[in-house]
Amino acid sequence: MNNSRHRNTFSQLEIRQVKKRNLQSWFLSMPSLIWLTAFFAVPYLIVIIYSLLVSDIYEVKFLFTLGAYREILSGAYFKPFFLSFRLALITTLFCIILGYPVAYLIARSSEKWKNILLVLIIIPFWTNFIIRIFSWRIFLSTNGMLNEALLSMGLINQPLEIIRTDWAVIIVMVYVYLPYMILPLYSVIEKLDFTLLDAAMDLGASERKAFFKVTLPLSREGIFAGSILVFIPALGAYIIPQLMGNQNSLYIGQIITYKIKNIPRNWPVASALSLIMLIIIAVILLTGFSIYQKRKFRRMDEAR
Amino acid sequence: MKPGSLYRRLNLSAFTLVMIFLYIPILILIIFSFNNSKIVAGWKGFTLKYYLLLFQNEQIKLAFQHTVMIALTSTLVSTILGVLAALGLENKRFKGRKVLRALVYVPLIMPDILMGVSLALLFNFLRVGTGMLTVFIAHVTFCLSYTVIVIQSRLEGFDYSLVEAAMDLGAKPWLIFWKVKFPLMVPGIVAAALLAFTLSIDDFIITFFTSGRGFDTLPIYVEGAIRRGTITTINALSTLMVGFTLLLVITTKRIRKLLLN
């Protein structure tokens, strides 16, 4: 009896402490909660509202209509969406192909080398983004260094027209997003149990077979994380296509920016296109994660 | 794996290729900033003329001031908010935790253009004229996710035995915070602030949507200069910016070493 009352008062005290702590957490989190609600969540509500308005060549009129969605459903913006999707896919693939061997090499280096190599990968990214794109323009331009070098070596007779093609866009996209693939891949490969690889090879698997049957499946997690970090931002690319590409193949990021910035403006269509992009991203993330989770569970079942 | 094996050689060549790929643009910038030629092709002799032109250019000076001002203020605010939020998130039973975490993590994977568009429309809706204030708000918004995550990740690996020891010795809670916990949080806070600073000076897209005419930061100025074709001084400017960021990184390392010792 005595004992239980004692426990009761103790838990009362505990409850009060927990409550006090929760109140404290609310106070501490409140500034960030308010800031992110006001400037991250609420703006999307404004985008929804603006997508339902009538466009003016400068701004919007506060009259509600589904005109923007009707315009989009007519199919006029199918091509830029398709191009952006293709660009994001190709960029992700090239990043995997180029990034995997690099991540693997770094992960299997000695501790001292690991740090040096990682810093070497990151240093270029301390340089301003716009300036690096500008530099690629110099390098790839028709009378640029690449063409001069290739011409003087006699490898080509005429300068290559790379700048203002989709290839120029792809090269710079891969350049910019490569570290976002290398770093997650590295952190997964580094934790791999390489004795499994040795075991496979001791059992007579060829180097290639051991890689495709052991190493690659085990680094799936890194490939997945890296692909998300590359693919999704790549979908919304604006400045790289703008500075490296041509006006015949416009990507969705360019269309949205033009409709926001250039006169005649069309904010309702820009808003609706942004929302569609947002929905596509949400669908990709959710299906990606659910497939990933299912695989994980299936593997756990198999292991059992 | 044997050192001379086919795969190792393949990896090494891929690595070399990627290194060349990563460093070509930066080398080009540095070399051509000293080239005595109006167009960026062919070597026409060494000059420092473009560096001198750079310091006479009022627009660049102004853009530089804007960039630094925005970077300093948005770093300060996003770091303070980040510290508070990270401390709030420490409490795992707290009801607002899920919402705050969602608000912190989602902006990280969204394409920048979506944040730019949504903020531009918000400021239009509120009839706030675009300029320094709107750029500041935008920069705090995208920096905040990073500062919260960096500071929080340091708190997770936190050694609570020191805090408990101070409590056992009868120290008051606020004293424990300022004398024991805060000093241990400092390296994380410094790392978060430096990350916010670099993100802020590097941002183009979100600034592009929220700055309006008359408030250029350096990336905005550079993009405009590329579009207008007035690119002679950009190489010099870029080289200085590369130097500046490298300096920043080296000092960071030094500061971190000093703090950890």
Side-chain angles (χ1 to χ4, degrees), chain A residues 18 21-22 25-26 28-29 31-33 35-37 39-44 46-47 50 59 98 101-102 104-105 120-121 124 126-132 134-136 138-139 143-145 148 175 178 207 211 228 232-233 235-236 238-239 243 253 256-257 260 267 270-271 274 277-278 281, chain B residues 5-7 10-12 14-15 18-19 21-26 28-29 32 40-41 81 84-85 87-89 91 93-96 99-100 103-104 107 109 111-114 117-122 125 137 140-141 144 148 198 202 204-205 209 219 222-223 226 234 238 241-242 245-246 249:
Chain A
V18 166
R21 188 133 192 256
N22 284 346
S25 299
W26 275 112
L28 290 166
S29 312
S32 296
L33 266 174
W35 190 286
L36 288 169
T37 309
F39 301 118
F40 179 71
V42 170
Y44 281 107
I46 308 287
V47 175
Y50 272 47
E59 279 204 8
L98 276 176
V102 174
Y104 191 88
L105 184 93
L120 277 178
I121 296 284
W126 288 326
T127 320
N128 190 280
F129 173 68
I130 299 291
I131 284 167
R132 280 180 287 138
F134 168 64
S135 186
W136 274 106
I138 297 172
F139 184 64
N143 55 0
M145 287 176 70
E148 257 178 37
Y175 171 78
L178 196 55
E207 217 173 351
F211 174 76
I228 280 181
I232 288 177
L235 263 187
Y238 158 70
I239 192 65
L243 291 177
I256 292 175
T257 311
I260 293 273
W267 288 354
S271 305
S274 305
M277 193 199 280
L278 189 70
I281 290 168
Chain B
S5 73
L6 175 70
Y7 271 74
L10 216 75
N11 282 343
L12 260 176
F15 186 81
V18 166
M19 278 296 137
F21 185 53
L22 290 181
Y23 280 90
I24 273 181
I26 293 167
I28 289 175
L29 280 180
F32 277 90
V40 200
L81 292 186
L84 298 177
L87 286 170
L89 286 172
N91 178 1
R93 271 180 292 191
F94 147 62
K95 288 242 169 54
V99 183
L100 183 57
L103 282 171
V104 165
I109 28 174
D112 284 352
I113 194 171
L114 290 181
V117 168
S118 63
L119 281 171
L121 296 183
L122 175 80
F125 182 75
I137 290 175
V140 174
T141 311
L144 187 51
V148 174
T198 26
D202 197 42
F204 170 75
I205 299 282
F209 277 101
V222 170
E223 195 265 348
I226 295 171
I234 292 182
S238 318
M241 282 170 81
V242 174
T245 28
L246 273 179
V249 169

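Just the heavy atoms: all of them, side chains too, but no hydrogens, waters or symmetry mates, feed the values below. Order of the sequence lines sets the chain letters (A, B, ...), proteins ahead of strands, with each chain counted from 1.
Once rounded to the nearest 0.5 Å, the distance linking CD1 of A:Ile138 with CD1 of B:Ile24 reads 12.5 Å. In this structure, the separation between CD1 on B:Ile109 and CG on B:Leu114 is 11.5 Å, given to the nearest 0.5 Å. Taking CG from B:Leu121 and OH from A:Tyr44, the interatomic distance works out to 11.0 Å, rounded to the nearest 0.5 Å. Here B:Asp112 contributes atom CG and A:Ile239 contributes atom CD1; the two are 12.0 Å apart, rounded to the nearest 0.5 Å. Rounded to the nearest 0.5 angstrom, A:Ile131 CD1 and B:Asp202 CG are separated by 8.5 Å.
When A:Asn128, A:Leu235, A:Val102, A:Val47 are compared by the number of non-hydrogen pairs under 4.5 Å with chain B, A:Asn128 comes out ahead. Among B:Leu89, B:Val99, B:Val222, B:Ile137, the residue with the largest count of heavy-atom pairs under 4.5 Å with chain A is B:Ile137. When the candidates A:Pro31, A:Ser25, A:Ala270 are compared by the number of heavy-atom contacts under 4.5 Å with chain B, A:Ser25 comes out ahead. Contacts with chain A were tallied for B:Thr198, B:Ile113, B:Asn91, B:Leu81; B:Asn91 has the most, counting heavy-atom pairs under 4.5 Å. For chain B, the option among A:Leu105, A:Ile281, A:Leu243, A:Ile228 with the highest count of heavy-atom pairs below 4.5 Å is A:Leu105. Annotation: maximal heavy-atom pairing with chain A below 4.5 Å, among B:Ala14, B:Ala120, B:Ser238, occurs at B:Ser238. Among A:Phe129, A:Phe139, A:Phe211, the residue making the largest number of heavy-atom pairs under 4.5 Å with chain B is A:Phe139. Heavy-atom pairs under 4.5 Å with chain A were tallied for B:Val104, B:Leu119, B:Val148, B:Leu87; the largest tally goes to B:Leu119.
For A:Ile260, the part lying under 4.5 angstrom from a heavy atom of chain B is the side chain only. Contacts of A:Tyr50 with chain B are made by side-chain atoms alone, with heavy-atom separations under 4.5 Å and no backbone atom involved. Heavy-atom distances place the side chain of B:Leu144, and not its backbone, under 4.5 Å from chain A. For A:Trp35, the part sitting under 4.5 Å from any heavy atom of chain B is the side chain, from C-beta outward, and nothing else. Contact of A:Ile121 with chain B is made through backbone and side chain together, with heavy-atom distances under 4.5 Å. For A:Ile256, the part lying under 4.5 angstrom from a heavy atom of chain B is the side chain only.
At least one side-chain heavy atom of A:Leu120 sits under 4.5 Å from a side-chain heavy atom of B:Met19.
Of the possible polar contacts, one joining the A:Thr257 side chain to the A:Gly253 backbone as a donor-acceptor pair under 3.5 Å is found.
Shown here are the side-chain contact (heavy atoms from CB on, under 4.5 Å) partners of A:Ser29, two or more places apart in sequence or in another chain: A:Leu33, B:Phe94, B:Leu100. The side-chain contact (heavy atoms from CB on, under 4.5 Å) search around A:Pro124 returns A:Tyr175, B:Leu22, B:Tyr23, B:Ile26, not counting sequence neighbours.
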